[in-house]
Undergrad: 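Got a structure for you, written out below as structure tokens; questions coming shortly.
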Number of protein chains: 2
Amino acid sequence: MWFRVEPGRGVPIYVQLMEQIRRAVASGVLTPGEQLPSVRELALQLSINPNTVSRAYQELEHEGIIYTLRGRGTFVATPSSTLTDRERLRRLDEAVERLLVEAYQLRCTPAEVLAAVKKKVAGMGGKDTQKGEIEHDDE
Amino acid sequence: MWFRVEPGRGVPIYVQLMEQIRRAVASGVLTPGEQLPSVRELALQLSINPNTVSRAYQELEHEGIIYTLRGRGTFVATPSSTLTDRERLRRLDEAVERLLVEAYQLRCTPAEVLAAVKKKVAGMGGKDTQKGEIEHDDE
DNA sequence: GCTGATGTATTAATATTATAGTACTGTGCC
DNA sequence: GGCACAGTACTATAATATTAATACATCAGC
């Protein structure tokens, strides 16, 4: 598949995997309902242990990004938040703060930051929200 | 001082400290040239080992956020980037991408993201760049 | 040069984490 | 029921990172 991990680079393998899957989902490369490769298959392909893949899958499931049906496989979840709007915006705010701290250290001007955000936001599908609303058959 | 850390919460103490200092600097609570508490003082106050504080200081120094004069103390650095403009913007882009992946997972709309960024950007001093240009006496 | 402030190096104990091996359980299909 | 595919639990080990104890080095002021 389209994943790539490098061991012994500080970042744990399962975290690298998680990030790539998260990005693939966020960018629409992986769509809700789509099946991910089996833990064994992916493990073989990346020359890592199936448990390491499993770990990545489990943590992502815990985050609600994907879901798993035992014996059948692992699938991309339909995005849905269990958070209140208030909490959702609070977390967004925290994330933005982290961005701005980082931008400060890069000595980026507010204009640059805004421009960068606008560009990427536009690039990621101009819709008002994300993908469709296909329900998946949870247990 | 104004720091607070909680051990045994997943995030290493020295990382917690780093984050708080980074934010304090970015938000202007700590200004360039200002002296930070000594490693011992801060360690005592937080009931942690001086070396833990030292570690945070060293990593931040490595990042160019603060600087240290042996035997004298640790101070907030004047922001300055050794990066090329291209590199600077590339990193900004990466940071923005991380924000958007996070926002996606929170199911925030592009409009919400933009609004949040605009609000915080405005809040952090409307200047075109950061603080002044006071030089500090590096070795 | 002594003193008291500072940061630092070295080393060791500890805790945590990452990874792997192996055996187990559930599902779909024949 | 048996098989082949899926994920999972359990255990062990290795690697790494975190924190601490302690002793050392530098600087300013006297």
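What you see is a predicted model; the values in this text were computed from it and never measured. Labels below follow one simple rule: chain letters A, B, ... track the order of the sequence lines, proteins then strands, and each chain is numbered from 1.
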Undergrad: Counting only heavy atoms not in B:Arg23 (residues, nucleotides, ligands), do more than 12 fall under 6.0 Å from its CZ?
TA: no

Undergrad: Could you tell me if B:Glu34 and B:Thr31 have a donor-acceptor pair between their side chains, going purely by distance under 3.5 Å?
TA: yes

Undergrad: Think B:Tyr14 has a side-chain N or O under 4.0 angstrom from the OP1 or OP2 of D:dT18?
TA: yes

Undergrad: Tell me which nucleotide among C:dG7, D:dT19, C:dA18 gets nearest to the side chain of B:Arg55.
TA: D:dT19

Undergrad: For the side chain of B:Asn51 and the base of C:dA9, is some donor closer than 3.5 Å to an acceptor across the two?
TA: yes

Undergrad: Please report, rounded to the nearest Å, how far the C1' atom of D:dA4 is from the CD atom of A:Glu41.
TA: 14 Å

Undergrad: Provide, to the nearest angstrom, the distance between the CD1 atom belonging to B:Ile48 and the P atom belonging to C:dT14.
TA: 20 Å

Undergrad: Given atom CG of B:Leu46 and atom P of D:dA20, what is their separation to the nearest angstrom?
TA: 11 Å

Undergrad: Using whole Å, report how far CG of B:Leu69 lies from P of D:dA28.
TA: 9 Å

Undergrad: Nearest to the side chain of A:Arg70, which nucleotide is it out of D:dA20, C:dT25, C:dA20?
TA: C:dT25

Undergrad: Could you tell me whether A:Arg22 and B:Glu102 have a side-chain N and a carboxylate O separated by less than 4.0 Å?
TA: no

Undergrad: Could you check how far CD of A:Gln35 sits from P of C:dT27, rounded to whole Å?
TA: 15 Å

Undergrad: Whole angstroms only, please: what is the CG-P distance between A:Asn49 and C:dT19?
TA: 10 Å

Undergrad: If we only count heavy atoms from C-beta on, is the A:Ile66 to A:Phe75 side-chain gap below 4.5 Å?
TA: no

Undergrad: From D:dT19, D:dG7, D:dA28, pick the nucleotide closest to the side chain of A:Val39?
TA: D:dG7

Undergrad: So, under a plain 3.5 Å distance rule, would you say the side chain of A:Arg40 forms a donor-acceptor pair with the base of D:dG7?
TA: yes

Undergrad: Which nucleotide sits closest to the side chain of A:Ile13: C:dG7, D:dG7, C:dT19?
TA: C:dT19

Undergrad: Under a 4.0 Å threshold between the charged nitrogen and the carboxylate oxygen, would A:Glu59 count as salt-bridged to A:Arg55?
TA: yes

Undergrad: Establish, with yes or no, whether the OP1 or OP2 oxygen of C:dT6 is under 4.0 angstrom from a side-chain nitrogen or oxygen of B:Thr74.
TA: no

Undergrad: As a test of reading the structure: which of C:dG7, D:dA21, C:dA20 is closest to the side chain of A:Thr52, going by heavy atoms?
TA: C:dA20

Undergrad: Just how far, in rounded Å, is C1' of D:dA17 from CD of B:Glu59?
TA: 11 Å

Undergrad: When you measure from the side-chain N and O atoms of A:Thr68 to the phosphate of D:dG7, is any distance below 4.0 Å, counting only OP1 and OP2?
TA: no

Undergrad: Mind calculating the distance between CZ (B:Phe75) and P (C:dG7) to the nearest angstrom?
TA: 8 Å

Undergrad: If you check every side-chain atom of A:Arg72, which of C:dG28, C:dG21, C:dT6 has the closest atom?
TA: C:dG28

Undergrad: Can you identify which nucleotide, out of C:dA9, D:dA6, D:dT19, has its nearest atom closest to the B:Gln58 side chain?
TA: C:dA9

